[in-house]
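Everything quoted here is computed from the prediction, not taken from an experiment. Position 1 is the first residue of the sequence; numbering continues from there.
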Amino acid sequence: MQTSFLSATILLILITDPLGNIPLFISALKQVKPERRKRVVYRECLIAFLVLTIFMLFGRNFLELMHLTDESMRIAGGVILFLIAIKMIFPGEGSVFGGDKMSGEPFIVPIAIPLIAGPSAMATVLLLSTREPGRMLEWMGALTICMLVTTVVFLFSGKLQKLLGEQAITALERLMGLVLTAISVEMLLSGFASYLKQLH
């Protein structure tokens with residue numbers, strides 16, 4: 001399954017799901033003074049970008065160290081994406097914050113990790129870099145665009161929530177979940193097909 005630069009960018013945006021995370025993001029910043037919110041957005045997005053970049057650049061070394069194959073990463077990535085997609089389509093009562101009330105200014109947790117750089121995003125950048133390491137510049141470009149989109153969405157989160165409304169944001173999140181379900185199934189099938197080829 002050949003991944004293009006555009007499809008990698010879209011996949012990363014779908015996984016980080018900035019639009020769907022607007023209500024959670026606003027909730028996390030309730031205790032932060034309005035004049036500091038912009039600085040918090042830049043800081044948290046930069047931390048998430050650095051974390052995902054580390055996973056992208058050193059992912060192959062990590063797999064070799066743990067004696068993991070590309071096929072196992074594809075299947076594991078597909079499973080994680082599928083679970084995330086199902087949660088996007090059928091959201092539960094709890095949030096990714098574990099239901100705890102935020103107090104004070106958030107730092108790293110929960111905005112940078114796991115809201116932006118969650119397990120699914122880490123698994124995806126790891127998968128992209130290990131499957132086609134020769135295209136690292138493309139993957140870095142895709143990640144950079146994804147993080148820029150996330151930063152812009154979070155900067156205008158309040159206005160976007162008022163403009164679109166809760167129902168529109170929920171509908172968009174479920175649509176993204178449907179697309180992500182198809183991508184995760186494709187990833188699983190690709191991993192299994194590759195594994196079965198090795199058995200013959």
Has the side chain of Ser157 got a donor or acceptor atom that lies under 3.5 Å from a matching backbone atom of Phe154?
yes
For Ser129 and Arg135, what are the C-alpha separation, side-chain angles and deciding distance, and is it a side chain to side chain donor-acceptor pair (under 3.5 Å)?
CA-CA 8 Å; Ser129 62; Arg135 299 172 66 191; over 6 Å; no
Heavy atoms only: give me the nearest Val32-Pro106 pair and the separation to one decimal.
CG2-CD, 3.5 Å
Separation between CD (Glu71) and NZ (Lys197), nearest 0.5 Å, reads 10.5 Å
For a 4.5 angstrom cut-off between non-hydrogen side-chain atoms, does Phe49 reach Thr151?
no
Can we say Glu105 and Arg43 salt-bridge, meaning some charged N sits less than 4.0 Å from an Asp/Glu carboxylate O?
yes
Would you check if Met187 and Phe82 make a side-chain contact, meaning some heavy-atom pair closer than 4.5 Å?
no
Atom CD of Glu64: over 12 foreign heavy atoms under 6.0 Å:
yes
Distance (rounded to the nearest 0.5 Å) between Ile116 CD1 and Asn21 CG
8.0 Å
Does either side chain, that of Ser4 or that of Ser7, offer a donor lying less than 3.5 Å from an acceptor on the other one?
yes
What's the spacing between Leu143 CG and Thr53 OG1 if we round to 0.5 Å?
5.0 Å
Step-by-step side chain to side chain contact (heavy atoms under 4.5 Å, CB included) determination, Leu57 to Met136
CA-CA 8 Å; Leu57 294 176; Met136 195 64 78; 4.2 Å; yes
Considering all heavy atoms of both residues, which atom of Val125 and which atom of Leu52 are nearest to each other, and what is their separation?
CG2-O, 3.7 Å
Output the distance between atom CD (Gln161) and atom CZ (Phe25), rounded to the nearest 0.5 Å.
11.5 Å
Test your reading of the model: is there a side-chain donor-acceptor pair from Thr144 to the backbone of Met140, 3.5 Å cut-off?
yes
Ignoring hydrogens and angles, tell me if any N or O in the side chain of Ser184 forms a donor-acceptor pair with the backbone of Thr181 under 3.5 Å.
yes
Any side-chain to backbone donor/acceptor pair from Thr16 onto Leu12? Under 3.5 Å, distance only.
yes
With the side chain counted from C-beta on, respond yes when Ile86 and Leu83 share a heavy-atom pair under 4.5 Å apart, and no when they do not.
no
May I ask you to decide if Phe90's main-chain N or O and Arg174's side chain share a donor-acceptor pair within less than 3.5 Å?
no
When you compare the side chain of Thr3 with that of Arg131, does any pair of heavy atoms fall below 4.5 Å?
yes
Over 12 non-hydrogen atoms of neighbours within 6.0 angstrom of CG in Leu196
yes
Got Pro110 and Leu115 here, is their nearest side-chain heavy-atom distance under 4.5 Å?
no
Has the side chain of Thr170 got a donor or acceptor atom that lies under 3.5 Å from a matching backbone atom of Glu166?
yes
Are the side chain of Trp139 and the backbone N or O of Glu132 linked by a donor-acceptor pair below 3.5 Å?
yes
Donor-acceptor contact below 3.5 Å, side chain Thr9 vs main chain Phe5
yes
